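Just so it is clear, the values below take in all heavy atoms, side chains as well, and ignore hydrogens, waters and symmetry mates. Counting starts at 1 for both ligands and their atoms, following the listed order. Just so you know, residue 1 is the first one in the sequence shown, and it goes up from there. On a predicted model such as this, the values are computed, not experimentally measured, just so you know.
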Amino acid sequence: MNLAIVGAGYVGLVTGVCFAAKGHRVVATDKNLDKIKSLQAGKIPIYEPGLEDLLKEVVRAKKISFTEDLGEAVRAADVVFLCVDTPPQENGMADLSSVESASRQIAKHLAGYKVIVEKSTVPVKTGERVGRTLEKYCPAGVSFDVVSNPEFLREGAAVQDALNPDRIVVGTQSEKARQVMRELYAGYAAPILFTDIKSAEMIKHAANAFLAMKISFVNAVAQICELAGADISQVAQGIGLDKRIGSSFLNAGIGYGGSCFPKDVDAFARIAQELGYPFRLLSEVQEINRFQRQHFIRKIEDELWVVKDKEVGILGIAFKPDTDDIREAPFLTIAEALMNKGAKIRAYDPKAAENARKLLPSVRYVETPYAAAEGADCLVIVTEWKEFKDLDLARIQKSMAHPTVIDGRNLFPPERMKELGFVYRSVGR
Ligand code: UGA
């Protein structure tokens with residue numbers, strides 16, 4: 001099928017490249033012309049495992065191209081994907097101005113029958129608005145259907161998730177659009193769940209809010225474990241073995257970050273409030289998340305006693321492993337809080353240092369984890385990159401001014417750290 005991707009950001013790019021890999025012909029467009037130029041030159045603006053190689057493959061196979069001309073992309077397409085950004089406004093509601101303006105522009109280029117797919121994460125009832133906008137601005141006599149087809153990919157595993165999703169949700173009332181979407185996803189093993197548009201939009205927000213709730217729940221239990229002297233890893237394993245609960249997303253740590261959970265939980269709470277339901281559970285999910293981070297900072301401060309002039313090494317900058325994304329990354333809050341109290345910070349991350357340098361230039365960004373630890377009064381683990389698990393801990397222990405590790409991701413068994421001679425504090429253990 002011929003597909004247009006409007007908005008070549010994280011979701012748009014992964015969606016376009018993966019549909020191209022499944023054999024569809026994709027034309028992607030973006031209002032950011034520099035981005036389009038660099039994509040035309042084969043350069044990817046983000047780090048995502050497997051994406052660059054797959055892009056090269058589908059470019060070579062002529063399955064994907066990039067254009068500055070939205071009209072060109074839309075005119076050639078059977079299905080148009082709206083993948084534009086929906087950033088939070090000051091009041092926490094999603095800013096839908098890009099969705100609105102992209103819908104207006106798409107409308108102008110509609111001809112014959114097309115399916116317009118909402119991929120961006122949007123509050124419930126946005127599809128209705130998109131439909132009305134298309135109706136208003138499209139030429140007379142054209143026909144189209146709006147479909148909500150939310151994206152569930154995780155950063156760091158995006159290609160894998162887009163090619164092999166757990167489920168495909170398609171929200172539409174139109175049988176004709178359903179048929180088009182069946183054809184689009186014919187090469188996928190996942191079950192397709194057909195719903196109405198509003199329910200599909202709600203599934204996305206509810207899924208992310210539920211996962212965030214799971215994380216906050218386990219983080220709250222971790223706090224109680226610390227107070228009671230229990231071990232959250234054992235507790236999480238014990239509850240996760242119940243099939244109704246499930247073991248994933250029960251890792252206690254320093255709270256969720258990234259571009260999705262913080263924004264989506266907030267937006268879901270706001271839209272619920274606007275519709276007349278005060279979803280207080282979500283406010284508490286957010287509060288626990290904030291507390292978890294602050295509590296972790298207090299733990300570091302407590303260990304250092306006087307923070308001023310202490311050398312603190314930080315391992316991990318990205319909000320999670322296998323990405324260079326630092327949006328809502330705990331690193332930013334932690335490094336800033338410690339620097340405000342006079343600590344000297346050096347940080348190491350395999351991928352995200354360049355992004356962080358722009359926001360926190362006074363941090364010293366070092367080239368290896370060992371350089372972060374050397375001579376430090378304290379080493380803080382913020383992101384669970386795999387390479388941190390394989391570190392030579394004895395070497396680190398010897399190189400530090402004082403061998404203290406504060407671990408926000410519970411990477412190591414406490415007994416082992418003790419045997420190695422570390423003062424070791426982790427979360428909920
Ligand atoms: C999340 C969802 O998992 C995706 O399904 C969804 O498509 C995406 O948001 C989105 O809306 O676009 P993502 O933000 O990439 O994906 O990353 P996750 O793996 O979900 O992690 C989110 C945060 O939760 C990270 O800060 C991570 O460290 C934290 N987390 C996750 C925990 O603290 N504990 C856990 O057990 C799991």
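Look at K198 and D196 and you find no salt bridge, because none of the NZ, NE, NH1 or NH2 atoms lies under 4.0 Å from a carboxylate O. Under 4.0 Å is where a charged nitrogen must lie from a carboxylate oxygen, and between K125 and E274 no such pair does.
At a heavy-atom cutoff of 4.0 Å, ligand 1 is surrounded by E151, F152, L153, R154, E155, K204, N208, I215, F249, L250, N251, Y256, G257, C260, F261, D264, F319, K320, R409.
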When the side chains of residues 345-353 are checked against the rest of the protein, which donor-acceptor pairs come out under 3.5 Å, sequence neighbours left out?
from, atom 1, to, atom 2, distance (Å)
R346, NE, E311, OE1, 3.2
R346, NH1, A371, O, 2.9
R346, NH1, A372, O, 3.2
R346, NH1, E374, O, 2.8
R346, NH2, E311, OE1, 3.3
R346, NH2, E374, O, 2.8
Y348, OH, E387, OE1, 3.4
Y348, OH, E387, OE2, 3.0
D349, OD1, K351, N, 2.8
D349, OD1, A352, N, 2.8
D349, OD2, I317, N, 2.7
D349, OD2, A318, N, 3.0
D349, OD2, W385, NE1, 2.9

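Proximity of a side-chain donor or acceptor of T323 to a complementary backbone N or O of K320 within less than 3.5 Å is not detected.
Here F331 and F319 keep their ring centres 6.0 angstrom or further from each other. Checked against the 6.0 Å centroid threshold, F19 and Y185 count as a close aromatic pair.
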